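Just so we're clear, the structure is a prediction, and the values are computed from it rather than from any experiment.
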Amino acid sequence: REVDIAPLAAWFSEGRAYVLAAGATDEKIRAWRIDRFSDLSVDRTRKAPVISDEIIEEKLRTSFKGYISDPALIQLKVKPEAAYLFREFQYHPSQKITELADGSVEVTMECTMGWGLEEWILGLGEMLSVIRPDSLKRKIKARLDAALSIYR
C-alpha cells in the first residue's frame with residue numbers, strides 16, 4: 001500500500017531501522033520499519049507538518065521496542081526466580097522496581113502498549129503477570145488462550 005508520511009527521526013533498535021514519521025494528512029506520529037519500504041518518492045509540492053522536538057523526543061522516550069502510541073502505566077509482578085532480571089537490566093528508561101517481601105518485584109513503566117511489549121511479556125512466560133492496565137491483561141490472556149488452543 002502507499003502511505004504519505006513526513007519523516008521526523010530515524011533510529012536503530014535490535015538490528016532494525018525505524019523512521020518516526022507524521023502522517024501527512026492526519027499528522028499522527030507513528031513508527032515505520034524501514035526494511036518494509038519497497039519504494040520511496042519525494043513529493044516536493046507538499047509541506048511536511050511542523051512537529052516540535054519535544055513531541056518527537058517524548059514519542060521516542062515512551063516507545064517500547066519501536067512501537068509508538070500513547071503511553072500507559074504498565075504494572076507487572078515478577079516472580080522471585082526472575083526478579084534478578086529487573087534488578088540487573090533496565091528494559092525501559094521509565095522502569096522502576098519495588099522489592100516485595102516474598103522476593104518478587106513489582107515493575108512499573110510508563111511506555112507504549114503494542115506488539116513489542118506483548119511479545120516481551122509473553123517471552124517471559126509464567127515468570128511474570130500483568131497487574132495493569134486491564135486492557136493489556138486481556139490482550140495477553142487472549143494471545144495465551146489462542147496459543148493453547150493449537151495444542152488441545
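- The two residues Ala21 and Pro7 come nearest to each other via the heavy atoms CB-CA, 4.0 Å.
- Within a 6.0 Å radius of CZ in Phe37, more than 12 heavy atoms belonging to other residues, nucleotides or ligands are found.
- In terms of heavy atoms, Pro133 sits closest to Leu73 at CD-O, 3.4 Å.
- Each of Thr98, Ile97, Val78 was scored for a side-chain contact (heavy atoms from CB on, under 4.5 Å) with Glu106, with one residue passing: Thr98.
- Note on Tyr91: it clusters hydrophobically with Val105, by side-chain heavy-atom contacts below 4.5 Å among ILVMFWY residues.
- Interatomic distance, NZ of Lys77 versus CG of Asp102, reported as 5.0 Å (0.5 Å rounding).
- Contact of the Leu144 side chain with the Leu122 side chain is registered, since non-hydrogen atoms from C-beta on lie closer than 4.5 Å.
- Side chains of Leu136 and Glu118 form a contact here, defined as non-hydrogen atoms less than 4.5 Å apart.
- Using a 4.5 Å heavy-atom threshold, the side chains of Ser129 and Leu76 count as separate.
- Nearest heavy atom pair, residue Ser94 against residue His92, reads OG-ND1, 2.9 Å.
- The shortest distance between side-chain heavy atoms of Lys141 and Val130 does not fall below 4.5 Å.
- Considering NZ of Lys139 and CG of Asp134, their distance stands at 12.5 Å, rounded to 0.5 Å.
- Under the 4.5 Å side-chain criterion, counting only non-hydrogen atoms from C-beta, Met109 is in contact with Val107.
- Side-chain atoms of Ser104 and Pro80, non-hydrogen and from C-beta on, do get closer than 4.5 Å to each other.
- Between the side chain of Glu126 and the backbone N or O of Lys79, no donor-acceptor pair lies under 3.5 Å.
- Classification of the Trp120-Phe86 ring pair by plane angle, with boundaries at 30° and 60°, yields perpendicular.
- Between the CG atom of Asp145 and the CD1 atom of Ile150 there is a distance of 11.5 Å, given to the nearest 0.5 Å.
- Going from atom CD of Glu119 over to atom CG of Leu124 covers 11.5 Å, rounded to the nearest 0.5 Å.
- A continuous path of Ile, Leu, Val, Met, Phe, Trp and Tyr side chains, each step under 4.5 Å between heavy atoms, connects Met113 with Leu128, placing both in one hydrophobic cluster.
- Residues Leu148 and Ile121 are members of separate hydrophobic clusters, defined by side-chain heavy-atom contacts under 4.5 angstrom among Ile, Leu, Val, Met, Phe, Trp and Tyr.
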